[in-house]
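Here is the structure we will look at, set down as structure tokens.
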Number of protein chains: 2
Amino acid sequence: MATAGKDTPRERYRAQLRAEVKQHAWQQIAAAGAAGLSLNAIAKQMGVSGPALYRYFANRDELITELIRDAYRSLADAIRTTAASGADLADLGRTLRTWALADPQRYFLLYGTPVPGYHAPHDTTAIASEIMDALLDAARTPTDTTATTGDRPQAHPAALRRALHFWTRLHGVLSLELAGHFTGMDLDPAELYADELHHLTT
Amino acid sequence: MATAGKDTPRERYRAQLRAEVKQHAWQQIAAAGAAGLSLNAIAKQMGVSGPALYRYFANRDELITELIRDAYRSLADAIRTTAASGADLADLGRTLRTWALADPQRYFLLYGTPVPGYHAPHDTTAIASEIMDALLDAARTPTDTTATTGDRPQAHPAALRRALHFWTRLHGVLSLELAGHFTGMDLDPAELYADELHHLTT
DNA sequence: CGCTCTCGTTAGAAGTTATAACTGGCAGGT
DNA sequence: ACCTGCCAGTTATAACTTCTAACGAGAGCG
């Protein structure tokens, strides 16, 4: 990586403590959502006093941004790992659902309600398009020739459409399920999801 | 209505002031999301002092619940109005998008990230299923016979599937668009939405 | 016309984020 | 090995937030 991160004992301590903060943060987010994340509460849990954490994170937003970054990386890894083992779109779909169900609030952190003022830093959007690239790659069928117009590999229109439908439809079912909008409707979300996935891949 | 609401001058004043509070609340929500809603700020805007508002809303959550109720009512009205004028599913889809674009944060209040602790009161879920009923009705084709098994009119399986797909797919595109996940992708969300709607209705 | 209810006020408790100033100890360079 | 300087974590404080309590004043109700 470009940003060096010198391996001094102090730097290692910093990194370790930042990781510990984030671990507690994930716990709180899973329990009360991103809105209920409190630096003070984390500090209390770690046995230090409030302002101590400001040595490691400039403010609450920076911590959340870092968590978003990690979440994107985690999802990108899951997708890439699945894609690397010669998987098709259906497998990617199942991976996505598994990843989302593992921590719904983490999914919402990426694809849930955005804060009007907030603008994602460039590197997080970069990871997001990495995910999209993996999707595009998996959505490409043998018949699709990747016409490289210009410098960027232009995706085949059909593949792009497939990937887009994959994304929006699965997100549609998934987000409504995770938000609990299917409860009391006598309906198995897994079946609905599998159904959409079936439509997408045949 | 069951809850009487006597028409005394005081009651009218109460209702009018509650409405004014909610109006300011919607402004704040549109600007900073539901998380950024502050009773204190509303009070300041209205020229009264903070605790005054607690005469009208027990707490912040009750205000938000009321806003959710109103939002559901607004959407249900829009859907029902469209459906009443002999419209098909495609028209309902366009109505949904128009309604959502009019105030994205209002859409997210209903279908966005849920607060883990929060449980919607029964009447709001009742309005939600009212919307679902309108959808089911519009999704019913002439060939679908509504078999009334038991006391509740059991929807035809095909109509249920259509309505469900309508809901999840349009929500998928819409929520990603409103959250800004398509920005910088050289892609017209309206086209994508129309495309899904086309798939849904042919 | 008088009583009472309710409205809005100020005060204050218990939180939150975040900054400033201070102290103690460890790390690193000489 | 020492000494210096940086840095972690502390307390104090400001400016917020929600929400409760106690109180005065006035308007509506009978």
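Chain A is the first sequence line, chain B the second, and so forth, proteins listed ahead of strands; every chain is numbered from 1.
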note = Within residues 35-42 of chain A, those residues having any heavy atom closer than 4.0 Å to DNA chain D are none
Separation of [X] atom [atom1] from [N] atom [atom2], in whole Å?
{"X": "Leu53(B)", "N": "dT10(C)", "atom1": "CG", "atom2": "P", "result": "14 Å"}
{"X": "Leu17(B)", "N": "dT6(C)", "atom1": "CG", "atom2": "P", "result": "15 Å"}
{"X": "Arg18(B)", "N": "dC7(C)", "atom1": "CZ", "atom2": "C1'", "result": "15 Å"}
{"X": "Gln28(A)", "N": "dT17(C)", "atom1": "CD", "atom2": "C1'", "result": "14 Å"}
{"X": "Arg12(A)", "N": "dC7(D)", "atom1": "CZ", "atom2": "C1'", "result": "17 Å"}
{"X": "Phe57(A)", "N": "dT19(C)", "atom1": "CZ", "atom2": "C1'", "result": "19 Å"}
{"X": "Arg60(A)", "N": "dT19(C)", "atom1": "CZ", "atom2": "P", "result": "14 Å"}

ask   = Tell me, for nucleotides 20-30 of chain D in 5' to 3' order, what letter each nucleotide earns: B for a base near a protein heavy atom under 4.0 Å, S for only sugar-phosphate near one, - for neither?
value = B-----BBSS-
query = Taking Arg162(B) for the side chain and Ala138(B) for the main chain, is one N or O donor matched with an acceptor at less than 3.5 Å?
reply = no
key: Under 3.5 Å: donor-acceptor pair, side chain of Thr98(B), backbone of Arg94(B)   = yes
task = Kindly write out the residues that satisfy side-chain contact (heavy atoms from CB on, under 4.5 Å) with Thr82(B), not counting sequence neighbours, or none if the list is empty.
result = Ala87(B), Asp91(B), Leu92(B), Thr95(B)
query = Looking only at side chains, do Thr65(B) and Tyr118(B) share a donor and an acceptor under 3.5 Å apart?
reply = yes
query = If each of Lys44(A) and Arg14(B) is mapped to the nucleotide of DNA chain C with the nearest heavy atom, which maps nearer the 5' terminus, i.e. the 5' end?
reply = Arg14(B)
inquiry  = For a quick test of reading the model: is some side-chain N or O of Tyr56(A) closer than 4.0 Å to OP1 or OP2 of dG9(D)?
reply    = yes
inquiry  = I want to check one thing: is the phosphate of dG25(C), taken as OP1 and OP2, less than 4.0 Å away from some side-chain N or O of Tyr13(A)?
reply    = no
message = Rounded at 0.5 Å granularity, tell me how far NE2 in His171(A) sits from CG in Leu176(A).
response = 8.0 Å
request  = Can you label the angle between the Trp167(B) ring and the His181(A) ring as parallel, tilted or perpendicular, going by 30° and 60°?
outcome  = perpendicular
inquiry  = Does atom NE2 (His198(A)) have a neighbourhood of more than 12 heavy atoms from anything else shown, all under 6.0 Å?
reply    = no
ask   = Among the nucleotides dT10(D), dC7(C), dT18(D), which one has an atom lying closest to any side-chain atom of Ala52(A)?
value = dT10(D)
task = Decide yes or no on side-chain contact (heavy atoms from CB on, under 4.5 Å) for Trp99(A) and Arg106(A), but give the supporting numbers first.
result = CA-CA 9 Å; Trp99(A) 185 88; Arg106(A) 182 180 56 177; 3.3 Å; yes
task = For the pair Leu200(A) and Leu170(A), evaluate side-chain contact (heavy atoms from CB on, under 4.5 Å) and give the outcome as yes or no after the intermediate values.
result = CA-CA 9 Å; Leu200(A) 247 10; Leu170(A) 294 189; 4.1 Å; yes
